[in-house]
Amino acid sequence: VTWANTPSFSYEILPAGKFHLTPDDYDVVVANHLFIRSAEIQHVLEQCRKTLKSGGYFYCTAIGRKCMKELIELEQAFEPTVHFYNTDSLDFFSMESGKTLLEQYFDDVQWHHFQNDLETSDAAGLCDYVWATYSNAREVLAGREKELQKYFQKIIDRNGPICITEVAGVFSARKSK
């Protein structure tokens with residue numbers, strides 16, 4: 001296939017909150033961790049369904065209730081005020097509850113698990129990972145980076161590599177005719 005023969009596509013990046021799209025306009029809608037950032041789940045799903053053409057596909061990422069459980073427990077043992085924001089969204093949408101919710105709007109809802117657990121003996125790398133999480137760790141632990149690294153290293157020295165469960169994946173669904 002040459003580039004000249006490749007089908008073209010267009011896309012839009014939309015905010016996570018309330019939005020309105022043209023009905024029956026898209027073949028595919030992708031929501032990347034949208035429900036971590038939006039409490040407007042029903043509105044978003046209604047709009048996504050409405051904007052899909054008949055037979056169109058909806059894909060959305062999700063995490064499970066046990067996602068990063070070990071890291072959350074370690075961090076909160078170190079500093080109880082560290083809060084992971086994505087755990088708040090699990091009451092509204094998760095790997096465990098997503099299928100039931102999506103089936104109210106779409107057909108052929110399927111879960112596709114992405115195996116991505118983390119095992120590390122690198123305390124500094126684990127600190128970098130903490131700073132990249134969807135949490136308040138950067139603010140709460142500012143100036144305590146070396147202390148956190150020593151805490152992780154002590155655990156690694158005592159117990160071996162730290163294993164973090166990454167329960168994540170993608171739901172796929174279809175809009176029937």
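Everything quoted here is computed from the prediction, not taken from an experiment.
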Evaluate whether atom OH of Y57 has more than 12 neighbouring non-hydrogen atoms of other residues, nucleotides or ligands under 6.0 angstrom away. no
Side-chain touch C60/F93, heavy atoms, less than 4.5 angstrom: yes
Can you tell me if D122 uses its side chain to pair, donor with acceptor, with the backbone of G125 under 3.5 Å? yes
Side chains of C48 and F106: does their closest heavy-atom pair fall under 4.5 Å? yes
Are the side chain of Q110 and the backbone N or O of A173 linked by a donor-acceptor pair below 3.5 Å? no
If you define the side chain from C-beta out and look only at heavy atoms, does anything of M95 sit under 4.5 Å from R65? no
Kindly give the heavy-atom pair with the smallest separation between T61 and V170, and that separation in Å. CG2-CG2, 4.0 Å
What's the verdict on salt bridge (Lys or Arg N to Asp or Glu O under 4.0 Å) for D24 and K53, showing C-alpha distance, side-chain angles and the deciding distance? CA-CA 4 Å; D24 303 316; K53 293 177 182 176; over 6 Å; no
For A137, is there any backbone N or O sitting under 3.5 Å from a side-chain donor or acceptor partner on S135? yes
Between V167 and I63, is there a side-chain heavy-atom distance shorter than 4.5 Å? no
By ring pair (Phe, Tyr, Trp, His ring centres under 6.0 Å), W131 pairs with (sequence neighbours left out) none
Any idea how W111 and H113 line up, ring-wise: parallel (<30°), tilted (30 to 60°), or perpendicular (>60°)? tilted
If every non-hydrogen atom of A124 is compared with every non-hydrogen atom of Q149, which pair is closest and at what distance? CB-NE2, 3.6 Å
Distance alone, cut at 3.5 Å: any donor-acceptor contact between the side chains of H112 and S172? yes
Between N136 and E139, is there a side-chain heavy-atom distance shorter than 4.5 Å? yes
Residues R49, D107: salt bridge by 4.0 Å N-O rule: no
What heavy-atom pair brings E166 and C67 nearest, and what distance separates the two atoms? OE1-SG, 3.8 Å
Check salt bridge (Lys or Arg N to Asp or Glu O under 4.0 Å) between K150 and all other residues, then give those that pass, not counting sequence neighbours. none
Under a 4.0 Å threshold between the charged nitrogen and the carboxylate oxygen, would K69 count as salt-bridged to E73? yes
The test is side chain to side chain donor-acceptor pair (under 3.5 Å); show your working for S94 and S97 and say whether it passes. CA-CA 5 Å; S94 67; S97 66; 3.3 Å; yes
Heavy-atom check, side chain of K175 versus side chain of F58, under 4.5 Å: no
Treating E79 as the side-chain partner and L141 as the backbone partner, does any N or O pair qualify as donor plus acceptor under 3.5 Å? no
R174/D108 salt bridge by N-O under 4.0 Å criterion: yes
Would you indicate whether the side-chain heavy atoms of V29 and Y59 approach each other to under 4.5 Å? no
A side-chain contact here means heavy atoms from C-beta on lying under 4.5 Å apart; do E75 and V130 qualify? yes
Any chain of hydrophobic side-chain contacts (each under 4.5 Å) joining V30 to I41? no
Partners passing side-chain contact (heavy atoms from CB on, under 4.5 Å) against A77 (at least two apart in sequence or in another chain): Y151
Would you say the side-chain atoms of E145 pair up with the backbone N or O of G143, donor to acceptor, closer than 3.5 Å? yes
